[in-house]
S.K.: 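First the structure, which I've put down as structure tokens, then a few questions once you've had a look.
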Amino acid sequence: MTNKSQTYISSPFPRRRSVAVDVGGVIVGGEAPVVVQSMTNTDTADVDSTVAQVSALARAGSELVRITVDRDEAAAAVPRIKERLQRIGVNVPLVGDFHYIGHKLLADHPDCAEALDKYRINPGNVGFKTKKDKQFGQIIEMAMKHDKPVRIGVNWGSLDQELLTHLMDKNQEEGSPLTAQEVMREAICQSGLLSAQRAEELGLGRDKIILSAKVSQVQDLIAVYTDLAQRCDYALHLGLTEAGMGTKGIVASSASMGILLQQGIGDTIRISLTPEPGGDRTREVQVSQELLQTMGFRSFVPIVAACPGCGRTTSTVFQELAQDIQEHIRESMPKWREQYPGVEELNVAVMGCIVNGPGESKHADIGISLPGTGETPAAPVFVDGVKTVTLRGPNIANEFKAMVLDYIEKRYGTGVSSEHEIS
Ligand code: SF4
């Protein structure tokens, strides 16, 4: 698996230079496009559930998937999960998430240490007092032994309290002390940087280290990563922790990460959404992709542009059509990626009336301008900017969907016949 072929469109700002890290064949950092990753919420010891969720996340487009490795049963399950995934053709790199006893789990379960493609450790809970350095060193040794990269992932909720207290005390002694928030931000940065430096001193290469510093507030995240980006060239994993549910989580993550990505900061992202009960875990992958795609950094799925609707259109036809097409595209993408190379760059427009409909439709690869209230019941369709046909009657939606699929086949088809299902 590789992400080298993905599109990367430069932002107006130069990309921050970082050391590239190979995570099971997916490159994070360097010149590589920003990598989308996700995390399971299954019990890793439950092999069936974990295999199912990793597969779903990978099919949705997650390029790395992290799983919790919290006890012996989970560590013992990891090689079986890897094997099952490979057997069904899912080769997404797996990242093991370790807290407190990672050193012991990796030593006691060498098959797990080998099966994982990266280890994620948190310097705030890798060990305490005299054990901290020793246990941190043991994990780094395991990473070197198995030739695996490590993400040193600081989290403000489990920040190294000794370091924070030391910086707070030192701050008090200084003439113009920083605020408690500023000291906390500095402690987060230092925790990551000092740990990375220690890992290097132990022999881990710079090309095996990824840093993250997750906080739950948007302004803190922007400040911490802006600072980290200036102080090191390690590949950076962006993520807002405890982002929350639904729109709150999406907005907070997008606002903070969007600003950082625009400045060229960030080599891999995860959008940590709290799923609604029974909700779809793959939503976090979809949001990450949409963030990167709407900002013009990468293309994952064809974009369906739809107007918001207003008093000029009282029918729900255009909303239903836009939703139908968007859902059909997303469901079809795992197959289309193979069948129609480049289809992710397609733009479709579904517009609600004559005011902006024809103009917007002309700018899309294929677009339709549906009739608004009181307008002639006719829907012109534009293909590559040219009006090709006007659809009429009760079957407009299905006819347009068929035209979209036909366009995809002609423009992106590789000559291998395919079956289109119109629902
Ligand atoms: S295109 Fe027409 S229906 Fe859609 S928002 Fe604009 S004016 Fe309203």
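Hydrogens, waters and symmetry mates are skipped; everything else that's a heavy atom, side chains included, is used. Just so you know, ligand 1 is whichever comes first in the structure, and atom 1 is the first atom listed for that ligand.
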S.K.: What's within reach of atom 2 (Fe) of ligand 1, meaning protein N/O/S atoms under 2.8 Å?
M.R.: C353 SG

S.K.: Verify the neighbour count for atom CZ of R17: are there more than 12 heavy atoms of other residues, nucleotides or ligands below 6.0 Å?
M.R.: no

S.K.: Using only heavy-atom distances, determine whether the side chains of T42 and S49 contain a donor-acceptor pair under 3.5 Å.
M.R.: no

S.K.: If we ignore angles and hydrogens, is there a donor and acceptor under 3.5 Å between the side chains of T68 and T44?
M.R.: no

S.K.: Check whether the side chains of H99 and D70 place a donor and an acceptor atom closer than 3.5 Å, and report yes or no.
M.R.: no

S.K.: Give a yes/no verdict on a cation-pi contact between R206 and Y234, requiring under 6.0 Å between NZ or CZ and the six-membered ring centre and an angle within 45° of the axis.
M.R.: yes

S.K.: Quickly, which of K82, R151, K208 forms a salt bridge (charged side-chain N to carboxylate O under 4.0 Å, His left out) with D117? Name it, please.
M.R.: K82

